[in-house]
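Here the structure is laid out as structure tokens; the discussion comes afterwards.
All values below were derived from every heavy atom in this structure, side-chain atoms included, with hydrogens, water molecules and symmetry-related copies excluded. Along the sequence shown, residues carry numbers from 1.
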Amino acid sequence: MIDEKGQQLGILNKNEAVKIAQEYELDLVLIAPNANPPVAKIIDFKKFLYQEEKKNKEAKKGIKKSVTKDINLNLFIAQADLERLINKASQFLKDGNQVRINLVLRGREIIKSQMGFDLINRILSSLGEINIAKSPRLEGRVIRVVVAKKK
């Protein structure tokens, strides 16, 4: 058993430990139940939970959540529009976001899906050094690929 200051009180049975915790007007918390003998500590449990929550919030502060941005295009896109979308995608990647490129095949364009894959590969090659999180594949009538910036 450990008291609130971190000093060991020795091996006590459960009733004695609870009695000592009540004298301090604090809580008895089982820290390591699988240890032999189990380790318990006298602490203010609400204060302990508050400090743990504070620690978790502090740890999350440095982490930037990665957002997935969408770029939608079709099979017969003009060259200027394609370059604009490529520039937009590279800007998203510079900002640390993932980019999901969706190429929608409408009507009879579904039989020209190979042209769609060629267009997607051309876009991927023009984006430079990237990691392909999800390789290009046909999902229904949409060819979809997810890319992220190389670290």
Side-chain angles (χ1 to χ4, degrees), residues 1-9 17-18 21 24-151:
M1 186 165 145
I2 303 170
D3 68 356
E4 77 274 3
K5 294 173 188 148
Q7 298 173 347
Q8 289 189 3
L9 299 177
V18 170
Y24 285 120
E25 295 180 358
L26 295 172
D27 301 311
L28 182 68
V29 179
L30 195 59
I31 294 176
N34 296 333
N36 192 10
V39 179
K41 187 174 184 179
I42 298 174
I43 53 174
D44 184 6
F45 193 63
K46 287 185 180 180
K47 184 178 177 183
F48 172 74
L49 288 178
Y50 171 74
Q51 288 172 341
E52 285 294 311
E53 186 179 329
K54 200 172 171 183
K55 251 189 256 178
N56 290 339
K57 279 185 183 177
E58 196 65 35
K60 285 182 183 178
K61 271 187 181 178
I63 299 171
K64 182 189 178 212
K65 296 229 175 173
S66 179
V67 178
T68 304
K69 301 283 189 171
D70 280 327
I71 302 276
N72 295 316
L73 53 124
N74 60 11
L75 188 58
F76 298 106
I77 187 169
Q79 185 62 35
D81 293 334
L82 184 63
E83 288 173 10
R84 180 181 52 83
L85 290 176
I86 289 171
N87 290 338
K88 199 176 201 182
S90 26
Q91 186 61 45
F92 288 151
L93 290 171
K94 279 182 193 167
D95 293 342
N97 300 314
Q98 286 186 333
V99 177
R100 182 184 309 129
I101 301 170
N102 301 312
L103 190 141
V104 181
L105 301 172
R106 287 175 277 189
R108 293 182 183 168
E109 290 176 357
I110 195 74
I111 58 175
K112 298 183 181 190
S113 61
Q114 188 55 45
M115 281 176 59
F117 282 107
D118 293 340
L119 179 62
I120 291 282
N121 289 331
R122 203 168 77 212
I123 292 169
L124 293 178
S125 65
S126 65
L127 284 175
E129 285 195 29
I130 51 170
N131 282 336
I132 298 176
K134 206 173 187 185
S135 59
R137 64 180 194 188
L138 187 64
E139 298 174 1
R141 290 189 158 273
V142 179
I143 299 173
R144 187 168 288 144
V145 62
V146 179
V147 296
K149 185 171 78 169
K150 219 172 213 174
K151 295 190 177 177

Discussion item. Just checking E52: does its CD atom have more than 12 heavy atoms from other residues, nucleotides or ligands closer to it than 6.0 angstrom?
Written reply: yes
Worksheet item: Closest heavy-atom contact between A21 and L28?
Response: CB-CB, 4.0 Å
Fill in: G107 versus R141, closest heavy-atom pair with distance
O-NH1, 3.1 Å
Practice prompt. State whether the side chain of D3 and the backbone N or O of K5 hold a donor-acceptor pair below 3.5 Å, judged by distance alone.
Written response: yes
Practice prompt. Work out which heavy atom in L30 is nearest to a heavy atom in P38; give both atom names and the distance.
Written response: CD1-CB, 4.0 Å
Discussion item. How close do L26 and I43 get, counting heavy atoms only, and between which atoms?
Written reply: CB-O, 3.7 Å
Worksheet item: So, for I143 and S113, which heavy atoms are closest and what is the spacing to 0.1 Å?
Response: CD1-O, 3.7 Å
Discussion item. Quiz question: by atom type and distance under 3.5 Å, do the side chains of N87 and E83 form a donor-acceptor pair?
Written reply: no
Fill in: K69, Q91, K149 screened by side chain to side chain contact (heavy atoms under 4.5 Å, CB included) with N97, the one that passes
K69
Practice prompt. Inspect the surroundings of CD in Q8 and state if more than 12 heavy atoms from other residues, nucleotides or ligands are less than 6.0 Å away.
Written response: no
Worksheet item: Should the pair K112-E109 be classified as a salt bridge under the 4.0 Å nitrogen-to-oxygen rule?
Response: no
Discussion item. Does Q79 have more than 12 heavy atoms from other residues, nucleotides or ligands lying within 6.0 Å of its CD?
Written reply: yes
Worksheet item: Closest heavy-atom contact between L127 and S90?
Response: CD2-N, 3.9 Å
Worksheet item: So, are E58 and K54 salt-bridged, with charged N and O less than 4.0 Å apart?
Response: no
